[in-house]
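Below: one structure, written as structure tokens.
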2 protein chains.
Amino acid sequence: MRTHSEITIHHLATELKISASTVSRALNDNKRISENTRRIVQQKALEMGYRPNVLAANLRSRRTRTIGVVVPRIDRHFFSSAISGIEDYAWTKGFNVIISQSNDLLVKEINCVQTLYNNRVDGLIISISMQTDQDKHLRLFSDNHIPILFFDRFCPTIESDRIVVDDFNSGYKITRHLMERGCRRIAHIAGPELLNIYKARKAGYIKALESEGIAVDDRYIEVSGLTNEEGKQAFARLMSLPNPPDGVFCGNDTTALVALEYCQEHNLKVPEEVALIGFSDEPFSAVITPSLSTVRQPGFEMGFLAAQKIIHRIQNSKSVIPFEEIVLPTQLIIRASSK
Amino acid sequence: MRTHSEITIHHLATELKISASTVSRALNDNKRISENTRRIVQQKALEMGYRPNVLAANLRSRRTRTIGVVVPRIDRHFFSSAISGIEDYAWTKGFNVIISQSNDLLVKEINCVQTLYNNRVDGLIISISMQTDQDKHLRLFSDNHIPILFFDRFCPTIESDRIVVDDFNSGYKITRHLMERGCRRIAHIAGPELLNIYKARKAGYIKALESEGIAVDDRYIEVSGLTNEEGKQAFARLMSLPNPPDGVFCGNDTTALVALEYCQEHNLKVPEEVALIGFSDEPFSAVITPSLSTVRQPGFEMGFLAAQKIIHRIQNSKSVIPFEEIVLPTQLIIRASSK
DNA sequence: GTGAAAGCGCTAACAA
DNA sequence: TTGTTAGCGCTTTCAC
């Protein structure tokens, strides 16, 4: 329950015997106001403990200086880093950030997006859920000309800015590396094909095999939800093949971790008997034993850049800026698990 | 730039030849409205693609159904878990969450808090920065009777709800465990005394020593900012003492990790020559070698509970609910680094 | 159960 | 440079 004694611009106005609009202008550093009034007003505002009501200003001006963010899970390192980057940049531009998580559920994602729309955010930064196979909820934004920017996981049917990493090339590099270190039977535990990132990584894997004239063997490709359980099962299936792989490109670091556990339980030497590579460079990857080869995605930078691009678009909404896909390079980090 | 064709309750009203107030009531499931009109209105709203303008509703009703959150850093696992918990619960109650990070800087924290106030959030959940040694910015909330809830790191001079873990007892348990496994010279790398959590952990450490009649030796207590650099330096100082410790209680897991690195570089056997224990149970702690003993703090649960308590308080603002300090138990996890 | 009227606190034409 | 006026879209008395 807020007290009724909130100071408004009208209080300042009567107190200073000027009009409310002048107060408003002075407070917003409007150009057509005398330096003197500005000073007086701002001084008085401080003195009376005036707090602007952003709600009212937003309602009137039809801008909220707020960007909405939807990620699958806040507590995943890649996403929290990205959010950190978004927050940091938005901050410097006086923008607020509303964050919500879809928990990788389409229904929740739809709900998040609609809530953000209802809150009249000026733009939407989103990394879609694993289940997202429709775009109606996103059209709510694009149809109303509110900027959307996808990062990492995007929806291919919506025209918009995107910031992604070079997943294809990453998959390619990983596989080439495994081949170069002598692996002959390289398997891949892929994520759901619905997502561009997993499709691209897998395509890179296949391209690399083909570049060496190696036939793609479907038994060496497992598609899974990349949860701990599914990952472990997938890896177990691979290692139970008549000719088990001697190198496995895992869809992410956690899958590589459970693979590592499997190897320890079954006395398989890593990387001697089977080399492992993950994806994302989770904080644990560098410090486990054996340390995990992986691909670093610049989470913070992606978020920072995302905020930069969308805010630029918001602030230049009159001009027609062509949509852009920014592909950031990744870094293959070779550690003990594939040395 | 939003199109001007936004559907409002007035459009629905004229379309249905009823008043806007009736539309409003029907949409908000107000009790004194006929089941029939409610159905008709909601049907029409769907049909016309009506989207409530939350801004306008909030301005008028003086409630935003939004809670503000300030944490030191979003990308720290403990905090992102807590945020996840807050978000999950808030979600079920139709509350929004605005998240901001102080980067452990007082100035930024002040700015965050003020921005959240200006946005008229209904409540504030905060874990204060390492620098926070004043409470003026927080009084903005408490003075205006807007609920504040601290979690983990609190400001002792503000009366409010708090959700903390039992840091004192955790420090005690850690130290007792080290003693019981035979450590004779137990050191502690503590965090800044400004924060209740570090003070309490250190107090628990001292209490445990005293319980066995062991004199507290100040040279065995390092106070640091717990960054990687400071932590490593602190650990190096400890190990350079004439009588280096054979057990170290590190202020957090990352400090324990750099300590572990130091030991590997200097060929010190862990836990044989020096046992290590961290704090927080970061994701990497279970999977490094040797695995790290630590204390688990229930981040998600704390966040969930925080959201629960503050929303309850928001929704019962007329009734006087006494402030409460909820102390959650922690779990001592003994792993290889102290076995 | 429904409607009319009055704002919430602010911004932005348009005047002066 | 400043003031006047008119709302932004919604909720909420107060009537009926």
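Lettering follows sequence order; numbering is per chain, from 1.
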Quiz prompt | Sorted by number, the residues of residues 14-28 of chain A with heavy-atom contact under 4.0 Å to DNA chain D | solution = Ile18(A), Ser19(A), Ser21(A), Thr22(A), Arg25(A)
Quiz prompt | d(CG, Leu59(A); P, dG7(D)) in whole Å | solution = 14 Å
Self-check item: dG9(D) OP1/OP2 closer than 4.0 Å to side-chain N/O of Arg62(A)
Solution: yes
Self-check item: Protein-nucleotide distance (Asn58(A), atom CG; dC8(C), atom C1'), rounded to Å
Solution: 14 Å
Practice problem: Take atom NZ of Lys31(B) and atom C1' of dT12(D), then tell me their distance rounded to the nearest Å. | Solution: 13 Å
Quiz item: How are the rings of Phe304(B) and Tyr89(B) set to each other: parallel, tilted or perpendicular (split at 30° and 60°)?
Solution: perpendicular
Quiz item: Leu55(A) has an atom CG; how far is it from atom C1' of dC10(D), in whole Å?
Solution: 11 Å
Quiz prompt | Ser21(A) and Ser24(A) side chains, donor-acceptor separation under 3.5 Å | solution = no
Quiz item: How long is the line joining CG of Asn53(A) and P of dG9(D), in whole Å?
Solution: 17 Å
Self-check item: Touch class at under 4.0 angstrom, heavy-atom based, for Arg63(B) against every strand present
Solution: sugar-phosphate
Quiz item: dG9(C) P sits how many Å from Tyr50(A) OH, rounded?
Solution: 10 Å
Exercise. Examine the side chains of Thr157(B) and Asp135(B) and answer whether a donor and an acceptor come within less than 3.5 Å of each other.
Key: yes
Quiz item: Expressed in angstrom and rounded to an integer, what is the separation of Ile9(A) atom CD1 from dC8(C) atom P?
Solution: 12 Å
Practice problem: Using the six-membered ring wherever Trp is involved, compare the ring planes of Phe151(A) and Phe78(A) and label them parallel, tilted or perpendicular (cut-offs 30° and 60°). | Solution: tilted
Exercise. Could you check how far CG of Asn30(A) sits from P of dC10(C), rounded to whole Å?
Key: 16 Å
Quiz item: Any side-chain donor paired with an acceptor under 3.5 Å for Asn96(B) and Asn119(A)?
Solution: yes
Quiz item: Of all the nucleotides listed (dC10(D), dG9(C), dG3(D)), which has the minimum atom distance to the side chain of Arg32(A)?
Solution: dG3(D)
Quiz item: Given dT2(C), dC10(C), dC10(D), which nucleotide is nearest the side-chain atoms of Thr37(B)?
Solution: dT2(C)
Self-check item: Phosphate OP1/OP2 of dC10(C): any Arg120(B) side-chain N/O under 4.0 Å
Solution: no
Quiz item: Side chain of Ala56(B): nearest nucleotide among dA12(C), dC10(D), dT2(D)?
Solution: dC10(D)
Exercise. Scan side-chain atoms only and decide if Ser84(B) and Gln101(A) contain a donor-acceptor pair under the 3.5 Å cut-off.
Key: yes
Exercise. Please tell me which of the listed nucleotides, dT2(D), dC8(C), dC10(D), lies nearest to the side chain of Ser34(A)?
Key: dT2(D)
Practice problem: Assess the side chains of Glu109(B) and His137(B): does a donor N or O sit below 3.5 Å from an acceptor N or O? | Solution: yes
